[in-house]
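Reading through the structure tokens given below for one structure.
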Amino acid sequence: MWPTEDPTEKLRWRIPCIAPLGSGTMTVLVVGDRVAVVLPPGNTLVFTADEADDLAALLDRAAGYLARGAEVPEATSWPSSTPT
């Protein structure tokens, strides 16, 4: 995962990924104090810095389970900023 070569886009990464309807490119943007993830076909997720850190930690943990071939334990509840 490398930033694009355009110097005005130092905080944008494009990552090849497989989506339910085929393959595409996921784009990660740092916009002020938020992190936006644009998924194919254009759905956008916006995280605060703390939420982005939590997501990164969760993805690292999941990658560790996959690397070891271990069964992933029951997921803990994911913190949500959406009022319920």
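We number each residue from 1, following the sequence as shown. No experiment lies behind these values; they were computed from the predicted model shown.
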Checking Val30, Thr25, Val37 against Trp13 for side chain to side chain contact (heavy atoms under 4.5 Å, CB included), the one that qualifies is Val30
Is there a path from [X] to [Y] through hydrophobic residues (I, L, V, M, F, W, Y) whose side chains come within less than 4.5 Å of each other?
{"X": "Ile15", "Y": "Leu39", "result": "yes"}
{"X": "Leu45", "Y": "Val28", "result": "yes"}
{"X": "Leu55", "Y": "Met26", "result": "yes"}

Under the side-chain contact (heavy atoms from CB on, under 4.5 Å) criterion, do Leu29 and Thr27 qualify, and how do the steps go?
-> CA-CA 6 Å; Leu29 306 159; Thr27 303; 4.0 Å; yes
Atom pair CG/CG of Asp53 and Leu58 - distance to nearest 0.5 Å = 12.5 Å
